[in-house]
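Have a look at the structure below before the remarks.
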Amino acid sequence: MLQVQVIREQKDEMIAAFKKRNIDGSALLEEVLQLDEKRRATQTRLDSVLAESNSLSKEIGILYKSGKAQEASGLKEKTATLKEESKQLNDELTATADALQTLLYQIPNVPHNSVPAGSSETDNEEIFSEGEIPELINDALPHWELAKKYDIIDFELGVKIAGAGFPVYKGKGARLQRALIAYFLDKNTAAGYTEIQVPHLVNEISGYGTGQLPDKEGQMYHITADDLYLIPTAEVPVTNIFRDVILNENEFPVTYTGYTPCFRREAGSYGAHVRGLNRLHQFDKVEIVRVEHPSKSYQALDGMVDHVKEILRELKLPYRILRLCGGDLGFTAALTYDFEVFSTAQDRWLEISSVSNFETYQANRLKLRYKDENGKSQLAHTLNGSSLALPRVLAGILENYQTADGIQIPEVLIPYCDFDKID
RNA sequence: GGAGAAAUGGCAGAGUGGUCGAAUGCACUAGUCUUGAAAACUAGCGAGGGUCACACCUCCGGGGGUUCGAAUCCCUCUUUCUCCGCCA
(Lines give C-alpha, C1' and ligand atoms only; values in the text may rest on other atoms or scores of the structure.)
Protein backbone atom coordinates (compact mmCIF):
# COMPACT_ATOMS: atom_id res chain seq x y z
CA MET A 1 0.00 0.00 0.00
CA LEU A 2 1.35 3.37 -0.95
CA GLN A 3 1.79 6.07 1.65
CA VAL A 4 -0.48 9.04 1.21
CA GLN A 5 2.26 11.37 2.29
CA VAL A 6 4.54 10.10 -0.46
CA ILE A 7 1.75 10.46 -3.01
CA ARG A 8 1.37 14.06 -1.90
CA GLU A 9 5.03 14.71 -2.52
CA GLN A 10 5.71 12.63 -5.63
CA LYS A 11 2.48 12.37 -7.53
CA ASP A 12 3.89 13.24 -10.92
CA GLU A 13 6.79 10.81 -10.67
CA MET A 14 4.36 8.10 -9.65
CA ILE A 15 2.05 8.78 -12.55
CA ALA A 16 5.02 8.51 -14.90
CA ALA A 17 6.11 5.23 -13.31
CA PHE A 18 2.60 3.76 -13.47
CA LYS A 19 2.64 4.23 -17.24
CA LYS A 20 5.14 1.37 -17.30
CA ARG A 21 2.38 -0.78 -15.83
CA ASN A 22 0.03 0.57 -18.48
CA ILE A 23 -1.97 2.24 -15.77
CA ASP A 24 -3.16 5.80 -15.90
CA GLY A 25 -2.62 6.77 -12.31
CA SER A 26 -3.55 10.43 -12.48
CA ALA A 27 -7.25 10.09 -11.65
CA LEU A 28 -6.58 7.47 -8.97
CA LEU A 29 -3.92 9.47 -7.20
CA GLU A 30 -5.92 12.65 -7.45
CA GLU A 31 -8.83 10.90 -5.80
CA VAL A 32 -6.54 9.66 -3.04
CA LEU A 33 -5.37 13.18 -2.34
CA GLN A 34 -8.89 14.53 -2.29
CA LEU A 35 -10.10 11.83 0.05
CA ASP A 36 -7.11 12.36 2.27
CA GLU A 37 -7.75 16.06 2.44
CA LYS A 38 -11.35 15.41 3.30
CA ARG A 39 -10.27 12.91 5.89
CA ARG A 40 -7.95 15.36 7.59
CA ALA A 41 -10.47 18.17 7.49
CA THR A 42 -13.13 15.96 9.05
CA GLN A 43 -10.66 14.72 11.63
CA THR A 44 -9.82 18.26 12.61
CA ARG A 45 -13.45 19.19 13.02
CA LEU A 46 -14.13 16.07 15.02
CA ASP A 47 -11.10 16.69 17.21
CA SER A 48 -12.27 20.15 18.18
CA VAL A 49 -15.75 18.90 19.02
CA LEU A 50 -14.25 16.14 21.13
CA ALA A 51 -11.91 18.58 22.82
CA GLU A 52 -14.82 20.77 23.81
CA SER A 53 -16.87 17.86 25.04
CA ASN A 54 -13.90 16.53 26.99
CA SER A 55 -13.38 19.78 28.81
CA LEU A 56 -17.10 20.06 29.56
CA SER A 57 -17.05 16.59 31.04
CA LYS A 58 -14.19 17.56 33.28
CA GLU A 59 -16.07 20.62 34.44
CA ILE A 60 -19.12 18.53 35.16
CA GLY A 61 -17.03 16.19 37.23
CA ILE A 62 -15.64 19.07 39.26
CA LEU A 63 -19.10 20.56 39.75
CA TYR A 64 -20.51 17.29 41.02
CA LYS A 65 -17.63 16.91 43.42
CA SER A 66 -18.25 20.33 44.88
CA GLY A 67 -21.95 19.60 45.19
CA LYS A 68 -23.21 21.88 42.43
CA ALA A 69 -25.45 19.37 40.77
CA GLN A 70 -27.73 22.08 39.45
CA GLU A 71 -25.01 23.73 37.38
CA ALA A 72 -23.76 20.39 36.22
CA SER A 73 -27.05 19.37 34.72
CA GLY A 74 -27.07 22.63 32.80
CA LEU A 75 -23.77 21.70 31.20
CA LYS A 76 -25.07 18.24 30.46
CA GLU A 77 -27.54 19.67 28.04
CA LYS A 78 -24.73 21.29 26.13
CA THR A 79 -22.89 18.03 25.77
CA ALA A 80 -25.90 16.43 24.16
CA THR A 81 -25.56 18.59 21.06
CA LEU A 82 -21.84 18.04 20.95
CA LYS A 83 -22.40 14.34 21.18
CA GLU A 84 -24.78 14.40 18.27
CA GLU A 85 -22.31 16.42 16.28
CA SER A 86 -19.38 14.18 17.05
CA LYS A 87 -21.34 11.10 16.13
CA GLN A 88 -22.11 12.56 12.76
CA LEU A 89 -18.54 13.66 12.16
CA ASN A 90 -17.27 10.31 13.27
CA ASP A 91 -19.49 8.50 10.79
CA GLU A 92 -18.27 10.83 8.11
CA LEU A 93 -14.68 10.25 9.09
CA THR A 94 -15.09 6.49 9.10
CA ALA A 95 -16.72 6.54 5.68
CA THR A 96 -14.00 8.73 4.23
CA ALA A 97 -11.20 6.71 5.79
CA ASP A 98 -12.74 3.47 4.52
CA ALA A 99 -13.09 4.86 1.03
CA LEU A 100 -9.49 6.00 1.12
CA GLN A 101 -8.34 2.61 2.36
CA THR A 102 -10.31 0.78 -0.32
CA LEU A 103 -8.83 3.00 -2.97
CA LEU A 104 -5.29 2.56 -1.70
CA TYR A 105 -5.72 -1.21 -1.75
CA GLN A 106 -6.43 -0.96 -5.45
CA ILE A 107 -3.24 0.87 -6.31
CA PRO A 108 -0.21 -1.29 -7.09
CA ASN A 109 3.35 -0.57 -6.12
CA VAL A 110 5.36 2.02 -8.02
CA PRO A 111 7.78 0.30 -10.41
CA HIS A 112 11.47 0.88 -9.76
CA ASN A 113 13.39 3.09 -12.18
CA SER A 114 15.04 0.14 -13.85
CA VAL A 115 11.74 -1.57 -14.68
CA PRO A 116 11.18 -1.54 -18.44
CA ALA A 117 7.82 -0.51 -19.81
CA GLY A 118 5.83 -3.28 -21.41
CA SER A 119 2.53 -5.03 -21.53
CA SER A 120 3.34 -8.73 -21.28
CA GLU A 121 6.07 -11.26 -20.68
CA THR A 122 7.45 -10.70 -24.16
CA ASP A 123 8.64 -7.29 -22.97
CA ASN A 124 10.62 -8.67 -20.07
CA GLU A 125 14.28 -7.86 -20.27
CA GLU A 126 16.81 -10.67 -20.24
CA ILE A 127 19.74 -9.51 -18.19
CA PHE A 128 21.76 -12.67 -17.72
CA SER A 129 22.00 -16.25 -18.82
CA GLU A 130 24.29 -19.08 -17.98
CA GLY A 131 24.71 -22.81 -18.44
CA GLU A 132 24.95 -25.04 -21.46
CA ILE A 133 21.78 -26.26 -23.03
CA PRO A 134 22.51 -29.98 -23.26
CA GLU A 135 22.22 -31.93 -26.44
CA LEU A 136 19.62 -34.50 -25.83
CA ILE A 137 19.36 -38.03 -26.91
CA ASN A 138 17.28 -38.71 -29.99
CA ASP A 139 14.10 -39.87 -28.38
CA ALA A 140 14.18 -37.34 -25.52
CA LEU A 141 10.97 -37.17 -23.54
CA PRO A 142 9.16 -34.39 -21.68
CA HIS A 143 9.18 -34.84 -17.93
CA TRP A 144 5.63 -36.18 -17.72
CA GLU A 145 6.60 -39.04 -20.02
CA LEU A 146 9.77 -39.64 -18.03
CA ALA A 147 7.71 -39.62 -14.85
CA LYS A 148 5.58 -42.40 -16.21
CA LYS A 149 8.44 -44.34 -17.75
CA TYR A 150 10.36 -44.52 -14.48
CA ASP A 151 7.28 -44.55 -12.27
CA ILE A 152 8.36 -41.59 -10.13
CA ILE A 153 5.38 -39.25 -10.42
CA ASP A 154 1.78 -40.39 -10.80
CA PHE A 155 -0.50 -37.64 -12.04
CA GLU A 156 -3.56 -39.86 -12.47
CA LEU A 157 -3.31 -41.06 -8.91
CA GLY A 158 -3.38 -37.46 -7.75
CA VAL A 159 -6.52 -36.90 -9.80
CA LYS A 160 -8.13 -39.84 -8.07
CA ILE A 161 -7.32 -38.58 -4.60
CA ALA A 162 -7.71 -34.83 -5.02
CA GLY A 163 -7.94 -33.64 -8.59
CA ALA A 164 -5.83 -32.40 -11.45
CA GLY A 165 -2.77 -30.52 -10.35
CA PHE A 166 -2.08 -32.63 -7.26
CA PRO A 167 0.60 -35.11 -8.33
CA VAL A 168 1.75 -38.09 -6.30
CA TYR A 169 5.51 -38.53 -6.10
CA LYS A 170 6.75 -42.08 -5.71
CA GLY A 171 9.96 -43.86 -4.85
CA LYS A 172 12.99 -42.08 -6.24
CA GLY A 173 10.75 -39.24 -7.36
CA ALA A 174 9.66 -38.58 -3.80
CA ARG A 175 13.19 -38.95 -2.55
CA LEU A 176 14.55 -36.54 -5.16
CA GLN A 177 11.93 -34.03 -4.13
CA ARG A 178 12.93 -34.35 -0.49
CA ALA A 179 16.60 -34.10 -1.49
CA LEU A 180 15.96 -30.84 -3.29
CA ILE A 181 14.18 -29.36 -0.28
CA ALA A 182 17.01 -30.33 2.04
CA TYR A 183 19.64 -29.10 -0.39
CA PHE A 184 17.94 -25.72 -0.85
CA LEU A 185 17.48 -25.24 2.88
CA ASP A 186 21.11 -26.15 3.49
CA LYS A 187 22.29 -23.67 0.88
CA ASN A 188 20.13 -20.95 2.36
CA THR A 189 21.17 -21.52 5.95
CA ALA A 190 24.80 -21.62 4.85
CA ALA A 191 24.21 -18.18 3.35
CA GLY A 192 22.99 -16.92 6.72
CA TYR A 193 19.24 -17.40 6.47
CA THR A 194 17.52 -18.75 9.56
CA GLU A 195 15.40 -21.78 8.85
CA ILE A 196 11.82 -21.48 10.00
CA GLN A 197 8.68 -23.61 9.85
CA VAL A 198 5.43 -21.74 9.65
CA PRO A 199 1.70 -22.46 9.43
CA HIS A 200 0.39 -23.45 6.04
CA LEU A 201 -2.90 -21.73 6.71
CA VAL A 202 -3.21 -18.05 7.42
CA ASN A 203 -5.94 -15.71 8.55
CA GLU A 204 -7.45 -12.91 6.54
CA ILE A 205 -5.34 -10.17 8.13
CA SER A 206 -2.17 -11.92 7.02
CA GLY A 207 -3.51 -12.13 3.49
CA TYR A 208 -3.96 -8.38 3.50
CA GLY A 209 -0.56 -7.82 5.07
CA THR A 210 1.44 -9.15 2.16
CA GLY A 211 -1.02 -8.07 -0.51
CA GLN A 212 -2.65 -11.33 -1.61
CA LEU A 213 -5.91 -9.83 -0.41
CA PRO A 214 -7.90 -8.19 -1.73
CA ASP A 215 -6.05 -8.29 -5.04
CA LYS A 216 -5.77 -12.05 -5.58
CA GLU A 217 -8.76 -13.28 -3.65
CA GLY A 218 -9.57 -15.97 -6.20
CA GLN A 219 -6.06 -17.36 -6.28
CA MET A 220 -6.10 -18.75 -2.76
CA TYR A 221 -8.02 -21.69 -1.35
CA HIS A 222 -10.34 -20.38 1.31
CA ILE A 223 -11.49 -22.52 4.22
CA THR A 224 -14.80 -20.83 4.88
CA ALA A 225 -15.67 -22.81 8.00
CA ASP A 226 -12.75 -21.26 9.84
CA ASP A 227 -12.08 -18.29 7.58
CA LEU A 228 -8.53 -19.37 6.84
CA TYR A 229 -6.58 -19.40 3.61
CA LEU A 230 -4.14 -22.04 2.38
CA ILE A 231 -0.90 -20.26 1.69
CA PRO A 232 -0.01 -19.64 -1.95
CA THR A 233 3.60 -19.07 -0.88
CA ALA A 234 5.63 -19.04 2.33
CA GLU A 235 5.98 -15.30 1.79
CA VAL A 236 2.61 -14.83 3.46
CA PRO A 237 3.20 -16.49 6.85
CA VAL A 238 6.90 -15.61 7.02
CA THR A 239 6.55 -11.93 6.18
CA ASN A 240 3.54 -11.61 8.49
CA ILE A 241 5.77 -12.54 11.39
CA PHE A 242 6.71 -8.89 11.20
CA ARG A 243 3.22 -7.45 11.17
CA ASP A 244 2.95 -4.70 13.80
CA VAL A 245 6.62 -4.95 14.61
CA ILE A 246 9.02 -2.11 15.27
CA LEU A 247 12.60 -3.23 14.82
CA ASN A 248 15.73 -1.61 16.13
CA GLU A 249 18.07 -0.48 13.41
CA ASN A 250 20.71 -2.92 14.62
CA GLU A 251 18.37 -5.85 14.00
CA PHE A 252 18.79 -5.51 10.25
CA PRO A 253 19.01 -7.49 8.17
CA VAL A 254 16.32 -10.01 9.05
CA THR A 255 16.74 -13.15 6.98
CA TYR A 256 14.55 -16.23 7.02
CA THR A 257 14.21 -19.29 4.87
CA GLY A 258 11.38 -21.76 5.00
CA TYR A 259 10.05 -24.73 3.15
CA THR A 260 6.29 -24.98 2.67
CA PRO A 261 3.87 -26.52 0.28
CA CYS A 262 2.05 -23.86 -1.72
CA PHE A 263 -1.56 -23.97 -2.79
CA ARG A 264 -2.94 -22.10 -5.75
CA ARG A 265 -6.32 -22.39 -7.34
CA GLU A 266 -5.04 -21.30 -10.76
CA ALA A 267 -8.61 -20.79 -11.81
CA GLY A 268 -9.04 -20.68 -15.54
CA SER A 269 -5.47 -21.54 -16.44
CA TYR A 270 -5.79 -24.74 -18.37
CA GLY A 271 -4.20 -25.63 -21.66
CA ALA A 272 -1.15 -27.01 -23.35
CA HIS A 273 1.34 -25.28 -21.11
CA VAL A 274 0.08 -26.67 -17.85
CA ARG A 275 0.94 -30.30 -18.49
CA GLY A 276 2.85 -32.33 -15.99
CA LEU A 277 4.60 -30.29 -13.36
CA ASN A 278 4.38 -27.00 -15.21
CA ARG A 279 1.46 -25.66 -13.21
CA LEU A 280 0.04 -27.29 -10.12
CA HIS A 281 -2.50 -26.62 -7.39
CA GLN A 282 -0.11 -27.88 -4.78
CA PHE A 283 3.63 -27.66 -5.03
CA ASP A 284 6.65 -27.36 -2.80
CA LYS A 285 8.84 -24.32 -2.51
CA VAL A 286 11.70 -23.08 -0.39
CA GLU A 287 11.48 -19.38 0.13
CA ILE A 288 13.86 -16.70 1.35
CA VAL A 289 12.54 -13.58 3.02
CA ARG A 290 14.43 -10.47 4.09
CA VAL A 291 13.53 -7.35 6.00
CA GLU A 292 15.97 -4.59 5.24
CA HIS A 293 16.83 -1.01 5.96
CA PRO A 294 15.61 1.05 2.98
CA SER A 295 19.13 2.14 2.14
CA LYS A 296 20.27 -1.47 1.84
CA SER A 297 17.36 -3.20 0.16
CA TYR A 298 18.56 -3.08 -3.43
CA GLN A 299 21.96 -4.30 -2.43
CA ALA A 300 20.15 -7.12 -0.64
CA LEU A 301 18.10 -7.85 -3.75
CA ASP A 302 21.30 -8.24 -5.77
CA GLY A 303 22.61 -10.54 -3.08
CA MET A 304 19.53 -12.70 -3.34
CA VAL A 305 19.91 -12.89 -7.09
CA ASP A 306 23.53 -13.97 -6.71
CA HIS A 307 22.49 -16.56 -4.18
CA VAL A 308 19.93 -18.14 -6.50
CA LYS A 309 22.43 -18.03 -9.34
CA GLU A 310 24.85 -20.05 -7.29
CA ILE A 311 22.30 -22.74 -6.62
CA LEU A 312 21.44 -23.09 -10.30
CA ARG A 313 25.11 -23.14 -11.17
CA GLU A 314 25.64 -26.02 -8.75
CA LEU A 315 22.68 -27.86 -10.20
CA LYS A 316 24.20 -27.28 -13.64
CA LEU A 317 20.93 -26.20 -15.15
CA PRO A 318 20.80 -23.73 -18.02
CA TYR A 319 18.94 -20.64 -16.88
CA ARG A 320 18.34 -17.00 -17.61
CA ILE A 321 17.33 -14.03 -15.52
CA LEU A 322 14.65 -11.59 -16.60
CA ARG A 323 13.87 -8.20 -15.26
CA LEU A 324 10.11 -8.07 -15.37
CA CYS A 325 8.50 -5.31 -17.34
CA GLY A 326 5.81 -3.10 -15.87
CA GLY A 327 3.01 -5.13 -17.35
CA ASP A 328 4.27 -8.42 -15.94
CA LEU A 329 5.33 -7.05 -12.56
CA GLY A 330 3.36 -8.29 -9.58
CA PHE A 331 0.91 -5.97 -7.89
CA THR A 332 2.99 -5.47 -4.77
CA ALA A 333 6.51 -5.50 -6.22
CA ALA A 334 8.70 -2.55 -7.16
CA LEU A 335 11.25 -4.70 -8.96
CA THR A 336 11.25 -8.40 -9.76
CA TYR A 337 13.81 -10.71 -11.29
CA ASP A 338 12.49 -13.98 -12.64
CA PHE A 339 14.72 -16.99 -13.02
CA GLU A 340 13.85 -19.43 -15.77
CA VAL A 341 15.30 -22.85 -16.43
CA PHE A 342 15.41 -24.16 -19.93
CA SER A 343 13.33 -27.23 -20.34
CA THR A 344 14.99 -29.00 -23.21
CA ALA A 345 12.42 -31.57 -24.03
CA GLN A 346 9.63 -29.01 -24.01
CA ASP A 347 11.83 -26.46 -25.71
CA ARG A 348 10.70 -23.66 -23.43
CA TRP A 349 11.73 -21.68 -20.39
CA LEU A 350 10.13 -22.47 -17.04
CA GLU A 351 9.96 -19.94 -14.25
CA ILE A 352 11.60 -21.40 -11.17
CA SER A 353 12.22 -18.34 -9.04
CA SER A 354 10.97 -14.85 -8.60
CA VAL A 355 13.00 -12.46 -6.50
CA SER A 356 11.39 -9.16 -5.55
CA ASN A 357 11.83 -5.99 -3.60
CA PHE A 358 8.56 -4.64 -2.27
CA GLU A 359 10.16 -1.58 -0.74
CA THR A 360 7.66 -0.16 1.78
CA TYR A 361 4.57 -1.43 0.01
CA GLN A 362 4.05 -4.48 2.21
CA ALA A 363 5.63 -2.81 5.25
CA ASN A 364 2.98 -0.11 5.13
CA ARG A 365 0.22 -2.69 5.24
CA LEU A 366 2.02 -4.72 7.84
CA LYS A 367 3.01 -1.72 9.93
CA LEU A 368 6.53 -3.07 9.85
CA ARG A 369 8.81 -0.28 10.99
CA TYR A 370 12.17 0.42 12.52
CA LYS A 371 13.50 3.19 14.72
CA ASP A 372 15.93 5.42 12.88
CA GLU A 373 18.87 7.17 14.53
CA ASN A 374 16.55 9.96 15.67
CA GLY A 375 14.20 7.52 17.31
CA LYS A 376 11.53 8.05 14.68
CA SER A 377 9.56 5.15 13.24
CA GLN A 378 10.16 4.51 9.55
CA LEU A 379 8.80 1.82 7.28
CA ALA A 380 11.22 -1.01 6.53
CA HIS A 381 11.67 -2.74 3.18
CA THR A 382 10.61 -6.33 2.59
CA LEU A 383 11.98 -8.69 -0.02
CA ASN A 384 11.53 -12.29 -0.92
CA GLY A 385 12.47 -14.88 -3.44
CA SER A 386 12.11 -18.54 -4.23
CA SER A 387 15.14 -20.68 -3.71
CA LEU A 388 13.61 -22.55 -5.30
CA ALA A 389 10.23 -23.71 -6.57
CA LEU A 390 10.45 -27.47 -6.68
CA PRO A 391 8.31 -28.87 -9.50
CA ARG A 392 9.82 -26.97 -12.37
CA VAL A 393 13.33 -27.51 -11.08
CA LEU A 394 12.43 -31.18 -10.97
CA ALA A 395 11.07 -30.96 -14.50
CA GLY A 396 14.27 -29.29 -15.62
CA ILE A 397 16.43 -31.93 -13.99
CA LEU A 398 14.43 -34.82 -15.39
CA GLU A 399 14.51 -33.44 -18.91
CA ASN A 400 18.03 -32.08 -19.01
CA TYR A 401 19.66 -35.01 -17.25
CA GLN A 402 17.97 -37.79 -19.19
CA THR A 403 20.16 -40.32 -20.94
CA ALA A 404 19.46 -43.45 -22.91
CA ASP A 405 19.67 -45.58 -19.80
CA GLY A 406 18.14 -43.37 -17.15
CA ILE A 407 18.16 -39.98 -15.51
CA GLN A 408 21.40 -38.83 -13.94
CA ILE A 409 21.19 -37.12 -10.57
CA PRO A 410 23.02 -33.78 -10.39
CA GLU A 411 26.21 -34.24 -8.46
CA VAL A 412 25.31 -31.92 -5.57
CA LEU A 413 22.15 -33.90 -4.93
CA ILE A 414 23.68 -37.37 -4.82
CA PRO A 415 24.57 -37.12 -1.11
CA TYR A 416 20.96 -36.19 -0.43
CA CYS A 417 19.51 -38.97 -2.60
CA ASP A 418 21.73 -41.94 -1.87
CA PHE A 419 21.46 -42.88 -5.54
CA ASP A 420 22.95 -41.34 -8.65
CA LYS A 421 20.54 -42.46 -11.29
CA ILE A 422 16.85 -43.01 -11.85
CA ASP A 423 16.35 -46.03 -14.03
C1' G B 1 -16.35 -29.90 22.82
C1' G B 2 -17.92 -28.47 28.40
C1' A B 3 -16.78 -25.39 33.04
C1' G B 4 -14.00 -21.46 35.20
C1' A B 5 -10.19 -17.39 35.23
C1' A B 6 -7.70 -13.74 32.61
C1' A B 7 -5.98 -10.03 28.55
C1' U B 8 -2.95 -2.79 30.75
C1' G B 9 3.46 0.42 27.81
C1' G B 10 9.79 -3.84 25.70
C1' C B 11 8.87 -7.04 30.26
C1' A B 12 6.70 -7.42 35.18
C1' G B 13 2.67 -5.21 37.48
C1' A B 14 -0.91 -1.28 40.04
C1' G B 15 -5.33 0.90 38.74
C1' U B 16 -13.20 -1.26 39.55
C1' G B 17 -16.75 5.52 36.86
C1' G B 18 -13.89 11.84 36.74
C1' U B 19 -7.02 16.11 35.93
C1' C B 20 -5.37 8.12 34.01
C1' G B 21 -1.99 7.70 28.33
C1' A B 22 -2.06 5.27 32.85
C1' A B 23 1.58 4.33 39.63
C1' U B 24 5.81 1.39 40.64
C1' G B 25 9.90 -1.91 39.41
C1' C B 26 13.08 -3.91 35.62
C1' A B 27 15.07 -3.00 30.87
C1' C B 28 16.64 0.95 27.60
C1' U B 29 18.84 6.12 26.27
C1' A B 30 21.52 10.53 27.79
C1' G B 31 24.09 13.01 31.68
C1' U B 32 26.72 13.43 36.69
C1' C B 33 30.34 10.79 39.50
C1' U B 34 34.79 7.36 38.23
C1' U B 35 41.53 6.48 35.49
C1' G B 36 37.82 2.96 33.21
C1' A B 37 33.72 -0.12 34.42
C1' A B 38 30.06 -1.25 38.01
C1' A B 39 27.06 0.98 41.68
C1' A B 40 24.59 5.39 42.93
C1' C B 41 22.18 9.84 41.41
C1' U B 42 19.52 13.11 37.62
C1' A B 43 16.62 13.36 33.30
C1' G B 44 14.22 10.99 29.31
C1' C B 45 11.69 6.71 27.69
C1' G B 46 4.51 3.43 23.91
C1' A B 47 1.94 4.13 19.07
C1' G B 48 -0.91 6.93 15.51
C1' G B 49 -3.32 11.49 13.65
C1' G B 50 -2.65 16.76 13.58
C1' U B 51 0.56 21.42 13.63
C1' C B 52 5.91 25.53 10.99
C1' A B 53 6.03 24.41 16.14
C1' C B 54 2.56 24.14 20.07
C1' A B 55 -2.35 23.12 21.19
C1' C B 56 -5.49 19.32 20.46
C1' C B 57 -7.49 14.25 19.21
C1' U B 58 -7.36 8.68 19.27
C1' C B 59 -5.57 4.03 21.27
C1' C B 60 -5.41 -0.06 28.18
C1' G B 61 -6.79 -7.69 23.15
C1' G B 62 -10.85 -6.53 18.64
C1' G B 63 -15.87 -4.68 17.84
C1' G B 64 -20.41 -2.63 19.86
C1' G B 65 -23.23 -0.39 24.03
C1' U B 66 -24.46 2.42 28.86
C1' U B 67 -22.87 7.42 30.78
C1' C B 68 -22.00 14.41 30.73
C1' G B 69 -17.54 11.24 31.49
C1' A B 70 -15.09 4.19 30.64
C1' A B 71 -8.73 0.92 31.40
C1' U B 72 -12.75 0.59 35.12
C1' C B 73 -19.91 -1.17 33.99
C1' C B 74 -22.78 -4.26 30.03
C1' C B 75 -22.86 -7.32 25.32
C1' U B 76 -20.00 -9.89 21.74
C1' C B 77 -15.70 -11.89 19.29
C1' U B 78 -10.60 -13.47 19.64
C1' U B 79 -6.61 -15.25 22.39
C1' U B 80 -4.19 -17.31 26.82
C1' C B 81 -4.30 -20.20 31.38
C1' U B 82 -6.64 -24.09 34.76
C1' C B 83 -9.95 -28.39 35.17
C1' C B 84 -12.89 -32.19 32.43
C1' G B 85 -13.59 -34.76 27.70
C1' C B 86 -11.19 -36.23 23.06
C1' C B 87 -6.69 -37.11 20.43
C1' A B 88 -1.52 -37.54 16.44
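Per chain, numbering begins at 1; letters A, B, ... match sequence-line order. Both backbone and side-chain heavy atoms feed into the values below; hydrogens, waters and symmetry mates do not.
- When both distances must be under 3.5 Å, the Watson-Crick or G-U wobble mate of A38(B) does not exist.
- Rounded to whole Å, the C1' atom of U19(B) lies 15 Å from the corresponding atom of A70(B).
- The pair Asp36(A)-Arg40(A) meets the salt-bridge criterion, since a charged nitrogen lies less than 4.0 angstrom from a carboxylate oxygen.
- When only modelled atom types and interatomic distance are considered, Tyr229(A) and Glu217(A) share a side-chain donor-acceptor pair under 3.5 Å.
- Under the Watson-Crick or G-U wobble criterion, with both distances below 3.5 Å, G21(B) is left unpaired in every strand shown.
- A donor-acceptor contact shorter than 3.5 Å is absent between the side chain of Glu204(A) and the backbone of Asp227(A).
- In this entry A14(B) has no Watson-Crick or G-U wobble partner, no candidate having both defining distances under 3.5 Å.
- The partner of C28(B) is G44(B), judged by Watson-Crick or G-U wobble contacts that both fall below 3.5 Å.
- Both distances falling under 3.5 Å, in either a Watson-Crick or a G-U wobble arrangement, occur for no nucleotide opposite C60(B).
- Per the geometry, CD belonging to Glu37(A) stands 17 Å off P belonging to G49(B), to the nearest Å.
- Distances shorter than 4.0 Å separate some side-chain N or O of Arg369(A) from OP1 or OP2 on G48(B).
- Using a 4.0 Å heavy-atom distance criterion, Ser377(A) is classed as a sugar-phosphate-only contact.
- Residue-level contact check: Ile62(A) touches the bases, meaning some heavy atom is under 4.0 Å from a base atom.
- For A71(B), there is no paired nucleotide, since no Watson-Crick or G-U wobble pair has both relevant distances below 3.5 Å.
- We find that Lys11(A) and Glu30(A) are joined by a salt bridge, their nearest charged nitrogen and carboxylate oxygen being less than 4.0 Å apart.
- Under the 30°/60° scheme for interplanar angles, the aromatic rings of Phe339(A) and Tyr319(A) are found to lie parallel.
- Nucleotides G13(B) and G25(B) are separated by 8 Å at their C1' atoms, to the nearest Å.
- Remark: the backbone N or O of Val289(A) is not paired with any side-chain donor or acceptor of Asn384(A) at under 3.5 angstrom.
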Every protein N/O within reach of nucleotides 61-69 of chain B N/O, cut-off under 3.5 Å:
{"unit_1": "C68(B)", "atom_1": "O4'", "unit_2": "Thr79(A)", "atom_2": "OG1", "d": "3.4"}
{"unit_1": "C68(B)", "atom_1": "O2'", "unit_2": "Ser57(A)", "atom_2": "OG", "d": "3.1"}
{"unit_1": "G69(B)", "atom_1": "O4'", "unit_2": "Ser57(A)", "atom_2": "OG", "d": "3.3"}

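- Atom pair Asp47(A):CG and U58(B):P shows a separation of 7 Å (rounding to whole Å applied).
- U80(B) is paired with A5(B) under the Watson-Crick or G-U wobble criterion, all donor-acceptor distances under 3.5 Å.
- Counting non-hydrogen atoms under 4.0 angstrom, Arg45(A) reaches nothing in the nucleic acid.
- The residue among Glu52(A) and Gln5(A) whose nearest nucleotide of RNA chain B lies closer to the 5′ end is Gln5(A).
- Formation of a donor-acceptor pair under 3.5 Å by the Thr189(A) side chain with backbone atoms of Leu185(A) is found in this model.
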